[in-house]
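Everything on this sheet refers to the single structure shown next.
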Amino acid sequence: MESLLSVKDVEKVYDNGTRALKGVSFELKEGEFAVIIGRSGAGKSTLLRCINRLISQSRGSIVFKGIKTEKASKNELRKIRREIGMIFQHYNLIDRLTVIQNVLHGRLGYMSNFHGIFDLYNRCDRRNALRILERVGMEKETLKRADQLSGGQKQRVGISRAMAQNPSLMLADEPIASLDPVSSGVVMDSLHNICKEDGISAIVSLHQVDFAIKYASRIIGIRDGLIVYDGDPKDLTESAIKEIYKKSPDDRMENKDENDEEKAIAV
Amino acid sequence: MKTDSKITIIPENQKVFYIVFFAAVAILYILSIFQLKLNLSGGLSNFLKAFEFMGKMLNMDFSEWKDVLYGALESISVAVLATIISAVLAFFVSFMAASNVSVNFLTWFWKGIAAGIRAVPTLIWTLIFVAYLGLGPFPGVLGLCFHSFAYLVKAFSQSIEEVKEGNIEALKATGATWLQIMARGVVPPTKTALISWTALRFEFNVAASSILGLVGAGGIGHELSRAMRSFEFEQAGFVVLVIFLMSFGIEMLFHKLKLNVDKRKLKRQ
């Protein structure tokens, strides 16, 4: 299988001096469902956001479909982003808009400014959005406002929005961290099935090791900005898990680091 | 844990702050009385005179009702024009002034301009335009526009700054352009706030447009000014009544509209 994404020696140092990533390297093949696990503040969110350049890495290189993201022009970056769907822990839906409007936002990267600004989606996009909503079992809620949905439903709309992008790669930043176990299962099933059926590669950051083992075709363990495990879920032993979740000397900075990550993702 | 000891619920430094604050207010109050050379007996006689004056005004003269109503209509038109023009301009500028969606330089530039304009009251702006453009409602529109624009830029940009970062990040991740992010991710969650601020400013503009006539900008203020200058307090009483009804009516209208929106929201929930 061909390599879809190549991450080489990526480092990220925030303005306050926090080193969130300390030289991360890995390659992702087409169709892989990789799950990143690690403690809070280990650098999982930073890594995901570096891939679609929501934040820029300080050093190293990220190549997506043969294009170096750090050297991509504005137009190239737009093309890269629209091919990478992203799912967020807090869903990040526009609450006042309907479910289908939120899903159709996934098409903005393909549209002209004029069409995007005035919500002028073509019939094909609308039909496709409905089809995606059917796949995640949300076809009856299309005209409901996003703020009227439950957490699990919101996340399925989030998945649908990412799917509307027709992506080659799906990034999911702790997609089930705010959900109960039942909803978590539904969301992970939807995400996993869609990626498997459509041959979409995925990188999902999770806190739940059991979910990681259940769904992943590959597990990447990050501790303190470094990859400490990269392999098959079957080989993830008790000692490997302990190694990934071992306390680092910087743990007292943990909460501070998380806040910094959140601040750093602003426009 | 000791239960008989005194339990403090306000920090010591906060207590000191309150004492200093209220003492400063009292000193400023007394200093102002001395500065204005006010005395209580004079104040009381003036108070009685004011009652006498009010009595005259209550004995209203409706003979000039056509001119007064025309003036009222002119004032409302000034307020409508000024509100629409300033709201449209402020809407576009506020995206450049909001720190979460703009660059530092533009944010400081537009916020600085807006603060500078706001520092000068509407009446002074109107006076400046009257001096430059002559008498009539047009300088009134411009004067109101200036202040409304600055006010709305501040209000709108603050509403935009309250938009969740996640909304912006999510659309950015889809490959949306800046304009698309603003239109689809920022405007929908702020729409209600922007309309509310504009409505509030319209209420203010109606009230303000009523007094702009005092500095030569036409409208019902001109009628009031004319009646007062010619000591026709009975006519002035009628003008004041129309101003009151105009401002109160518009405030009630918006209040009713707001209630209807709230009811619709409750129904949806």
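No hydrogens, no waters, no symmetry mates; every other heavy atom, side chains included, goes into these values.
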Value rounded to 0.5 Å, distance of CG in Asn167(B) from CG in Asn102(A): 8.5 Å
- prompt: In Å and rounded to the nearest 0.5 Å, what is the NZ to CZ distance from Lys172(B) to Arg49(A)?
  reply: 10.5 Å
query: Checking Arg107(A) against chain B: side chain, backbone, both or neither under 4.5 Å from a heavy atom?
result: neither
query: Looking at Pro188(B) and Leu97(A), what are the two nearest heavy atoms and their distance?
result: CB-CD2, 3.8 Å
message: Restricting to non-hydrogen atoms, name the atom on Ala173(B) and the atom on Phe88(A) that form the minimum distance, rounded to 0.1 Å.
response: CB-CZ, 4.2 Å
- prompt: What part of Leu171(B) gets closer than 4.5 Å to chain A, counting heavy atoms only: side chain, backbone, both or neither?
  reply: side chain
statement: Tightest non-hydrogen contact, residues Ile94(A) and Gly185(B), listed as CD1-CA, 3.7 Å
- prompt: Can you tell which of Leu93(A), Asp95(A), Asn92(A) makes a side-chain contact (heavy atoms from CB on, under 4.5 Å) with Lys164(B)?
  reply: Asp95(A)
field: Contact leader toward chain B among Gly116(A), Gly85(A), Gly158(A), where contacts are heavy-atom pairs under 4.5 Å
entry: Gly116(A)
task: Answer yes or no: is there a donor N or O on one side and an acceptor on the other, between the side chain of Gln180(B) and the main chain of Met111(A), under 3.5 Å?
output: yes
query: Arg184(B) versus Asp119(A): any side-chain heavy-atom pair under 4.5 Å?
result: yes
- prompt: So what's closer than 4.5 Å to chain B heavy atoms on Gln101(A): side chain, backbone, both or neither?
  reply: side chain
field: Trp125(B), CH2 atom: more than 12 neighbouring heavy atoms under 6.0 Å
entry: yes
field: Residues, nucleotides or ligands: over 12 heavy atoms within 6.0 Å of Lys154(B) NZ
entry: no
task: For Phe26(A), look at atom CZ and say whether over 12 heavy atoms of other residues, nucleotides or ligands are found less than 6.0 Å away.
output: yes
message: Is it the case that atom NZ in Lys15(B) sees more than 12 heavy atoms from other parts of the structure closer than 6.0 Å?
response: yes
statement: In this structure, CD of Glu165(B) is separated from NE2 of His90(A) (nearest 0.5 Å) by 11.5 Å
- prompt: Does the side chain of Thr192(B) pick up a donor-acceptor pair with the side chain of Arg96(A) at under 3.5 Å?
  reply: yes
task: Go through Thr174(B) and Arg82(A) one step at a time and tell me if the side chain to side chain contact (heavy atoms under 4.5 Å, CB included) criterion holds.
output: CA-CA 5 Å; Thr174(B) 65; Arg82(A) 72 189 185 195; over 6 Å; no
